Amino acid sequence: MGGLDDLYQQLILDHYRSRRGRGRIEGASASVHENNPVCGDECFLDILVEDGRIADIRADGDGCSISQAAASMLTEVARGKDLDEALDLVEHFRLMMHGDAEPDEDLLGDAVALEGVARYPVRVKCALLSWLALRDCIAEYRETTAMGGR
Amino acid sequence: MGGLDDLYQQLILDHYRSRRGRGRIEGASASVHENNPVCGDECFLDILVEDGRIADIRADGDGCSISQAAASMLTEVARGKDLDEALDLVEHFRLMMHGDAEPDEDLLGDAVALEGVARYPVRVKCALLSWLALRDCIAEYRETTAMGGR
Amino acid sequence: MGTSAHTALDARALRAEFPILAAPRPGGGQLHYLDSAATSQKPQRVLDAMDAYYREANANVHRGVYELAAEATERFEAGRDAVARLVNHPREATVLTKNATEAINLVAWAWGARELSDGDEVLVTMMEHHSNTVPWQLVAQMTGAVVRFCPVTPEGEIDMDAMRAMIGPRTRMVAVVHVSNTLGTINPVREIVAMAHEAGALTLVDATQSVPHMPVDAAAIGSDFLAFTGHKMCGPTGIGVLAATPERLRAMEPFLGGGEMISDVTTEGSTWNDIPWKFEAGTPPIAESVGLGEAVRFLEELGPDRIRAHERHLAQQMLDALDEVPGVTVFGPRQVERRGAAVSFSLDGVHPHDIGQFLDSKGVCVRAGHHCTKPLMRHLGVQSTARASAYLYTTEDDILALQSALAECRQWFGVA
Amino acid sequence: MGTSAHTALDARALRAEFPILAAPRPGGGQLHYLDSAATSQKPQRVLDAMDAYYREANANVHRGVYELAAEATERFEAGRDAVARLVNHPREATVLTKNATEAINLVAWAWGARELSDGDEVLVTMMEHHSNTVPWQLVAQMTGAVVRFCPVTPEGEIDMDAMRAMIGPRTRMVAVVHVSNTLGTINPVREIVAMAHEAGALTLVDATQSVPHMPVDAAAIGSDFLAFTGHKMCGPTGIGVLAATPERLRAMEPFLGGGEMISDVTTEGSTWNDIPWKFEAGTPPIAESVGLGEAVRFLEELGPDRIRAHERHLAQQMLDALDEVPGVTVFGPRQVERRGAAVSFSLDGVHPHDIGQFLDSKGVCVRAGHHCTKPLMRHLGVQSTARASAYLYTTEDDILALQSALAECRQWFGVA
Ligand SMILES: Cc1ncc(COP(=O)(O)O)c(C=O)c1O
Ligand SMILES: Cc1ncc(COP(=O)(O)O)c(C=O)c1O
């Protein structure tokens, strides 16, 4: 079954079955809603920013094992990071998904397990959904605070 | 050269080189202007109707040997016919051009020489241009006279 | 009758004519292609016909006096003849487009953008493919017209009472899918067309999922427009069909402008060619028409009624097989008389994407997603489904492979 | 330099790669195909690439999770990559259409129908193909805009002084052909684009007759839109290309609505996919993109500059050969630096149709007619011309055959 084991590593199935960081944040600093046009999956991402750091991050919405596990892993690894670190993290993950970077386990935590997804172009979108949502969420946060928002 | 001789019968080249019934009719009973979208060739057809017969018919405009010869032959054979006879003539010619009728030499006169054109679909339009113009011309004549026109 | 007609179609033998199905898979075993609602596989003879065209007769059509061009034109127009004959429609009112989507957009733009005005209504159903929804939305946005959606019953059929109630004096167009690509439902299009015409509305039937699978008689349906696509009926990509009434086509302004569709062009303005060419701007899909013509002859030889009987049989097998897998929910009609052989389903605890991925590892190809029917997905309360769809070359083996792969899938994802 | 680059392209040897040129004609002798401006012949490798796609990887693209669908998507998108690379343009702004005509209509409808208003001007030239005239006329008719025609000099070139004078504050779009399909003229599109941009107008370059025949660098030309077609560049029918600036594409509303081009569809309205897919509604020309990609690789291996050098050489031969036939008048530029190898001509006393027909009997295929440039025909004071056009596989033999057939033609029609 080779390929399949490679894609669905045990860690992924674990995160899928017991998701971390699921839900919404009341009074979030920023929120975005993204959807995957391929399958209709949705992702709601909320962050709470305190002292320039991601004090809390939660992802909601349904999706396939890859997108759910990716969201779960994201919340684990992004929590506590300052905003620029978080953006670097997303960028590194994005490059890995496009096969343009060797995965850095220290940086990615459990999310290294998603490396195998890069070989499945259609699933790359699933893995990226929540991660790119974080990028947009940070951009939104910066925009609203720059404009003197909440 | 087979096919070519068949298409360009001597009679056709004769009519092409010395066209009969060429020009316009001053005070025509009806006139139409048609063009062949394939090559841009134009045909101006005028008829003079007297006592329900085609007293005069002239065709003008430039075109290829087939369209010019067909117009020349048409003016010869249509002159003197009553309008219904002329329509029958056109219909017979049309059917011959589509390979749906055996040519009737008594009816068609020199125009039987155009039989070979039926095997060249693109040229069929050339041969038909002036003949279908006569059909439209008669229709126009009948319409204007029915409306109390000239 | 179903059975005798069915047994006459030997799908297993037919597979030999389809190179992609006849070839062994890289990993061994055969390909269980259950995604024909997305696109069909192609028999060798269709590929050969296109190849022969390019090798023997390639030239641009319609305007050339040389013999090669005449031969190209003849082969191209013969494709139109074949497809017109298949759906019992006049050839001069059979327009070749690039796909079904363009065919529908042609109507939306050439008719709708010019004829619709503020408050006019276009009625579609909740089970339309995006290709029969979005063009109307775009045109509505420009004209002030309104797109209304007729609901679908819990059984996955058009709610005919609602349809009747929604067709009113402002209804200008009723555009419905003949067979749903997601639910498989066969809709009563003759009845709908009659209702719409009575109210003075035009009608468009999206026959993309019916023409490949069953006898479709455009004259009997009686709609003003009928659209379908080549690649789902054993033909190539790059070609679709709009069969419209000749009067309507003659009355309509053109859509795309360019070579071929004109009678005369001057700096002051232009006049149009006869139908159907008036609606075929630019170099048409020549080789594609040749391929589609050959596909039509293939379907005619098999017999659309026999294809339908075969698929009705397969639909029953599919429903039965899926019922045996715990946790499976099937969407759409249960009676095979009322449905085609495209069957959408979900599996508790496993996302459709994961189903599709797992099944693929077993050589079973199914589609996972919204199937370009997002309004329907919302209506069903799901984001996506898995869909298995059969065609004339589908065998019982394919369905058994689907069934056993689904059972394994549950185990793999820990829901068994 | 011309010569050494020229001699490096061995057209005679290349013919072996084109089945239709390699095969002996039914009557014996070889085919002298001089109608490549209408459509090109196809090398075997292009046919093989499409065949292989259908036999090995056929599936619908973009949405499938199974491997076959991923493979189909990869081969399809690789076609886009190739064609984008050929014209030095970003792939995400390279839209695949059904032909050049649709590409131009896309701009006319998606941009023009929405952005033009009463009194706005679209400037084209008197030598445009109908595909770059009629779409603007259609859109002008709906919006109240005006289509103006820049005159052509007696030498068959765009009158640049007139162009300069005609570009004004009301000019919203300047749409010009890069190489004329009738006159062969190579137009100074960089200069025209710069002039138009300076006046705040958008620009569209119809590169249908340049991309197949010479190096074309979309970035260097700098136009907002560049359109061309697959079947004239050794590719299949059923595919065309619109290369536009990414910003412009992002800003534009979509054209055709349907599957693939959406991000979300609700009963209230829809949102669009990323470019380029936002402009590709419905199942795209998949096999056609695969074929076009292979055609591009073929052209790249030969080298667009070497193709151009070869054709410049052929154009000179053609002009010289035609000059030797009494009664021949050639239209368009005399200097081969300023023209491609499509040469229109007339022959005193013989109608172009008759020329075409006679030449065909000698195995020489030329086009006769208005070449979809009726305004230009009127401007030249003719109804039609004969046109001989060369490509990479054209040899001196073809031109000699043309010349001697023309001499015989005069005799046959009694004008010698
Ligand atoms: C200059 C020019 N523009 C546009 C076209 C239209 O190309 P297509 O028919 O492939 O759309 C052609 C060819 O017919 C052409 O020569
Ligand atoms: C019901 C229905 N309508 C329209 C379409 C659009 O067909 P195409 O993508 O060939 O334009 C499809 C297929 O995708 C379909 O299933």
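Just so we're on the same page: letters track the sequence lines, and every chain starts at 1. Keep in mind that the numbers below use all heavy atoms, side chains included, and drop hydrogens, waters and symmetry copies. A quick note: this is a predicted structure, and the numbers were derived from the prediction, not measured.
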Heavy-atom closest pair (C:Asp360 atom, D:Glu67 atom, distance to 0.1 Å) is OD2-N, 2.7 Å

Result of checking D:Gln141, D:Gln137, D:Lys374, D:His130 against C:Ser270 for side-chain hydrogen bond (donor to acceptor under 3.5 Å, both in side chains)
D:Gln137

On a heavy-atom basis, the closest approach of D:Leu47 and C:Arg55 is CD1-CG, 3.7 Å

I need the residue from C:Phe149, C:Trp136, C:Tyr33 with the largest number of non-hydrogen atom pairs under 4.5 Å to chain D.
C:Phe149

Heaviest contributor of heavy-atom pairs below 4.5 Å to chain C, chosen from D:Asn132, D:Val366, D:Ile104, is D:Val366

Identify which of C:Gly369, C:Ala281, C:Ala287 forms the greatest number of heavy-atom pairs closer than 4.5 Å to chain D.
C:Ala281

Does any heavy atom of chain C fall under 4.5 Å from the side chain of D:Thr229, the backbone, both, or neither of them?
neither

Sort out for me which of D:Lys98, D:His129, D:Lys42, D:Met261 touches chain C most, counting heavy-atom pairs under 4.5 Å.
D:Lys98

Kindly indicate whether the side chain of C:Thr237, heavy atoms from C-beta on, has any atom under 4.5 Å from the side chain of D:Tyr54.
yes

D:Thr133 versus chain C, heavy atoms under 4.5 Å apart: side chain, backbone, both or neither?
side chain

Which atoms of C:His353 are under 4.5 Å from chain D, going by heavy atoms: the side chain, the backbone, both sets, or neither?
both

Does any backbone or side-chain atom of C:Ser40 lie under 4.5 Å from a heavy atom of chain D? Answer side chain, backbone, both or neither.
backbone

Please state whether the side chain, the backbone, both or neither of D:Val46 comes within less than 4.5 Å of a heavy atom of chain C.
neither

Is it the side chain or the backbone of D:Leu359 that comes within 4.5 Å of chain C heavy atoms, both, or neither?
neither

Give the member of D:Ala22, D:Ala57, D:Cys372, D:Cys365 that has the highest number of heavy-atom pairs under 4.5 Å with chain C.
D:Cys365

Per-residue tally against chain D (heavy atom, under 4.5 Å) across C:Pro236, C:Ala23, C:Ala368, C:Pro284 peaks at C:Pro236

Could you tell me which portion of C:Met142 (side chain, backbone, both or neither) has an atom closer than 4.5 angstrom to a non-hydrogen atom of chain D?
side chain

For C:Ala69 and D:Arg367, the nearest pair of non-hydrogen atoms, with its separation, is CB-NH2, 4.1 Å

Measuring from D:Tyr66:OH to C:His32:NE2, what's the distance to the nearest 0.5 Å?
14.5 Å

When the 4.5 angstrom heavy-atom criterion is applied to D:Met50 and chain C, the contacting part is side chain

Which heavy atom in D:Pro135 sits nearest to a heavy atom in C:Gly257, and how many Å separate them?
CG-O, 3.4 Å

Are the side chain of D:Asn105 and the backbone N or O of C:Leu256 linked by a donor-acceptor pair below 3.5 Å?
no

Flag the one option from D:Thr373, D:Thr39, D:Thr267, D:Ile239 with the top tally of heavy-atom pairs under 4.5 Å to chain C.
D:Thr267

Highest number of heavy-atom pairs under 4.5 Å with chain D: which of C:Ala38, C:Ala72, C:Gly356, C:Gly240?
C:Ala38

Among D:Pro19, D:Pro285, D:Pro254, who wins on heavy-atom pairs under 4.5 Å with chain C?
D:Pro19

As an exercise: rank D:Arg378, D:His371, D:Glu260 by heavy-atom pairs under 4.5 Å with chain C and give me the winner.
D:Arg378

Any side-chain heavy atom of D:His231 within less than 4.5 Å of one from C:Asn58?
no

For the residue pair D:Phe255 and C:Trp109, does the interplanar ring angle fall in the parallel (under 30°), tilted (30 to 60°) or perpendicular (over 60°) class?
tilted

If you count heavy-atom pairs under 4.5 Å between each of C:His370, C:Glu253, C:Arg114, C:Arg148 and chain D, which one has the most?
C:Arg114

Measure across D:Gly259 and C:Ser131 and return the closest heavy-atom pair with its distance rounded to 0.1 Å.
N-OG, 3.2 Å

Top contributor to chain D contacts, counting heavy-atom pairs under 4.5 Å, from C:Leu68, C:Leu138, C:Thr283, C:Ile286:
C:Thr283

For C:Trp272 and D:Val134, the nearest pair of non-hydrogen atoms, with its separation, is CZ3-CG1, 3.7 Å

Please classify the contact of D:Glu56 with chain C as side chain, backbone, both or neither, using a heavy-atom distance under 4.5 Å.
backbone

So for C:Asp264, is it side chain, backbone, both, or neither that comes closer than 4.5 Å to the heavy atoms of chain D?
both

Between D:Asp48 and chain C, with a heavy-atom cut-off of 4.5 Å, which part of the residue counts as in contact: side chain, backbone, both or neither?
neither

Which bit of D:Asn99 is near chain C, if near means a heavy-atom gap under 4.5 Å: side chain, backbone, both or neither?
side chain

